[in-house]
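Whatever order the structure lists ligands and atoms in, that order sets their numbers, starting from 1. Since this is a predicted model, take the numbers as computed values, not measurements. Heavy-atom basis, side chains included; hydrogens, waters and symmetry copies ignored.
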Amino acid sequence: MAWSTLKLVALGALLAQDASAQTGSAKGSDFLRFGCSQLVVERTDPLVNPGIAPTPHMHQVVGGNSFNITMDPMTIDPPATSQCTSCKLSEDFSNYWTASIYFRSPENGTFKRVPQMANGRLNGTLLEQDGGLTIYYMRPFSGSNKKVTVMKPGFRMLTGDPALRSKAPGSLAICHRCLAKSERIMGGNGAPCDSGDTAQFPNKPCPGGIRATVIFPSCWDGKNLDSPDHKSHVAYQSGSALAGDKCPSTHPVRIPQVMYEIMYDTSSFADPAYYKNGKQPLVYSFGDTTGYGAHGDYLFGWKDGALQRAMDALGTNCWSETCPVLKLQSGEDAIKCTKAQQAKEDVGTTTWLKELPGGVTVQ
Ligand SMILES: *[C@@H]1O[C@H](CO)[C@@H](O)[C@H](O)[C@H]1NC(C)=O
Ligand SMILES: *[C@@H]1O[C@H](CO)[C@@H](O)[C@H](O)[C@H]1NC(C)=O
Ligand SMILES: *[C@@H]1O[C@H](CO)[C@@H](O)[C@H](O)[C@H]1NC(C)=O
C-alpha cells in the first residue's frame with residue numbers, strides 16, 4: 001500500500017538523519033532509543049513459563065534487576081523491587097528479552113552462542129559488554145495525532161511465535177538484516193524490516209553481523225494487562241507493523257511502539273563454506289534453523305509517569321537517549337547492573353556445547 005510505503009520511507013529518512021540529529025539539527029525525533037547492557041543470559045521466562053527454572057530455551061535479558069523466575073504483578077513492582085537497571089535511561093526497570101542464537105558447527109555438530117555486540121549507532125555511550133539490546137519507544141510516524149498513552153504497571157506482551165517455521169502472513173514485524181563488513185558500525189540504511197531484511201535467517205554469510213529487529217504491536221485493548229496467549233490484548237495497526245495514528249476499534253488505545261534491535265556478531269561464523277547448498281549454520285535457542293520463530297518478550301516497569309513525560313516531550317530536545325525530562329545513567333553504571341543466573345548452566349559463550357541448552361531438538 002502506498003501509504004505504508006510512505007511511512008517506511010519516512011522512518012528510513014528519520015533514521016538516516018541520525019548523524020545530523022546528533023549535532024542538534026534534528027527534524028524527526030519521534031522516538032526514544034537507548035542501550036541496555038546484558039542483565040543475565042539464562043533459561044527463565046516469567047511471562048510464558050512463570051515459576052519454572054530452567055525453562056525450555058535460552059534467553060538474553062536486559063533491564064531492571066527485579067527480573068525473576070516469577071513476576072506476578074501483585075507481588076513484584078519493578079521500579080520498587082529493583083536496585084538497578086542495565087538500561088541507560090535509569091527510570092526504566094522494564095525487562096526485555098529474546099531467544100539467543102547459536103552457531104552449529106557443520107564440521108562436528110557442536111554449538112556456540114553467537115556473541116552479541118554493541119549497536120554502532122549507540123557506540124561510545126554504552127560500552128560493548130556482551131551486547132545487550134537497543135530499545136526504542138516510538139510515536140506514530142504517520143498521521144497527525146502523535147499522542148500515545150503509556151501502558152499501565154503490570155502490562156506485558158509477547159510478539160512472534162517460536163513454533164513458526166514459515167513466513168507469517170502480514171507485514172514484517174520481526175526480521176534479520178545481514179550486514180556487510182562496512183555496515184558493522186551503523187547497521188545499514190533503510191527502515192526497520194524493510195525490503196532488504198528477511199523474516200528468516202540470512203542465506204549468506206554476514207561478516208558485519210546480523211541485526212535482528214523486533215517490532216511490537218502499538219494498539220492496546222485498554223483493559224487487560226496481559227492475555228492467555230500474551231498477545232490478544234494488543235494489535236498491530238492494519239497494513240503495517242510500524243505505527244500510524246489509527247488503531248482498530250477492538251484495540252483503540254495507541255501505546256508507544258516498542259522495538260528491539262539485537263546485534264549479533266557473526267564475523268567468526270561467516271565462512272562461505274557454511275552457506276553451501278541452501279544451508280546456513282545458525283539456530284535459535286529453541287531449535288529453529290529457519291529464523292521464522294524469532295520472538296520477543298516485554299514486561300513494563302517504568303517509574304511512575306516517566307515514560308509518559310518523555311513521550312509527551314519528544315521533539316528536538318528530547319530524542320534518542322537524550323531527553324531532559326528523563327534521567328540518564330552512564331554506560332559504566334548500566335553495565336554494572338547484572339544478575340546471577342538463577343537457572344545455572346554453561347550457556348556456550350566460550351565453550352562448545354554438545355547440545356543446545358535444555359537438550360532442545362534442532363528442527
Ligand atoms: C526472586 O523472587 C523471590 C520471591 O519473591 C525472592 O525471594 C528472591 O529473592 C528473588 N530472587 C532474586 C535473585 O531476585
Ligand atoms: C568443532 O568445530 C569447531 C569449528 O566449526 C571448532 O572450533 C571446534 O573446536 C570443534 N570441536 C571439536 C570438539 O572438535
Ligand atoms: C565501538 O567503539 C570502539 C572504540 O572506538 C571500537 O573499537 C569498536 O569497534 C566500536 N564498535 C562498534 C560496534 O562500533
Side-chain angles (χ1 to χ4, degrees), residues 36-55 58-87 90 92-97 100-115 153-154 156 201-202 204-207 209-210 225-226 264-277 279-285 289 297 299-301 303 334-357 359-360 362:
C36 297
S37 175
Q38 206 76 267
L39 186 68
V40 63
V41 178
E42 67 174 359
R43 281 195 289 137
T44 55
D45 187 340
L47 184 51
V48 176
N49 306 110
I52 298 174
T55 52
M58 192 61 68
H59 286 125
Q60 47 213 21
V61 186
V62 304
N65 75 338
S66 62
F67 181 79
N68 206 326
I69 295 167
T70 302
M71 294 198 67
D72 180 351
M74 303 306 283
T75 55
I76 292 192
D77 174 29
T81 314
S82 294
Q83 290 84 40
C84 65
T85 172
S86 73
C87 294
S90 56
D92 182 14
F93 300 95
S94 306
N95 288 117
Y96 310 93
W97 65 99
S100 310
I101 294 180
Y102 284 82
F103 166 78
R104 179 170 55 162
S105 163
E107 281 105 43
N108 56 42
T110 60
F111 298 87
K112 195 158 189 191
R113 184 175 153 253
V114 176
R156 58 248 346 242
F201 277 129
K204 57 178 187 211
C206 305
I210 290 177
L225 297 173
D226 195 1
Y264 292 97
D265 186 356
T266 48
S267 56
S268 0
F269 311 117
D271 185 338
Y274 300 150
Y275 286 81
K276 282 198 178 133
N277 307 320
K279 291 208 159 75
Q280 67 80 34
L282 305 179
V283 53
Y284 269 109
S285 58
T289 56
D297 296 81
L299 191 145
F300 177 86
K303 231 179 189 164
I335 284 172
K336 268 189 226 144
C337 187
T338 59
K339 203 166 162 84
Q341 274 187 333
Q342 290 183 277
K344 287 193 179 44
E345 71 187 318
D346 180 358
V347 304
T349 302
T350 53
T351 52
W352 293 86
L353 304 176
K354 287 215 171 65
E355 53 179 19
L356 283 175
V360 168
V362 177

For atom 2 (O) of ligand 2, find the nearest protein heavy atom and state the residue, atom name and distance (0.1 Å precision).
Asn108 ND2, 2.4 Å
Are a donor atom and an acceptor atom from the side chains of Asp265 and Ser267 found within less than 3.5 Å of each other?
yes
Going by a strict under-4.0 Å cutoff (protein heavy atoms only), does atom 11 (N) of ligand 1 have a neighbour on the protein?
yes
Contacting atoms of ligand 1, where contact means under 4.0 angstrom from a heavy atom of Gln342
11 (N), 12 (C), 13 (C)
Rounded to the nearest 0.5 Å, how far does OG of Ser86 lie from OH of Tyr96?
9.5 Å
Looking only at N/O atoms, are Thr110 and ligand 2 under 3.5 Å apart anywhere?
no
Within 4.0 Å of atom 8 (C) of ligand 1 (strictly less), any protein heavy atom?
yes
Where the side chain of Asn95 meets the backbone of Val62, is there a donor-acceptor pair that is under 3.5 Å apart?
yes
In ligand 2, the atoms that come under 4.0 Å of a heavy atom of Ser105 are 1 (C), 2 (O), 3 (C), 4 (C), 5 (O)
Point-to-point distance, once rounded to the nearest 0.5 Å, from CD of Glu345 to CD of Glu42
9.0 Å
List the closest protein heavy-atom neighbour of atom 4 (C) of ligand 2: residue, atom name, distance to the nearest 0.1 Å.
Glu107 OE1, 3.1 Å
Give a yes or no on whether atom 14 (O) of ligand 1 lies under 4.0 Å from any heavy atom of the protein.
yes
Side chain or backbone, does Asn65 bring an N or O within less than 3.5 Å of an N or O on ligand 1?
no
With rounding to the nearest 0.5 Å, note down the distance linking CZ in Phe111 to CD in Glu355.
8.5 Å
Heavy-atom count check: over 12 atoms from other residues, nucleotides or ligands less than 6.0 Å from Arg156 CZ?
yes
Would a distance-only check, ignoring hydrogens and angles, find a side-chain to backbone donor-acceptor pair under 3.5 Å from Thr289 to Val283?
no
Kindly identify the option in Asp72, Asn68, Ile76 whose heavy atom sits closest to atom 1 (C) of ligand 1.
Asn68
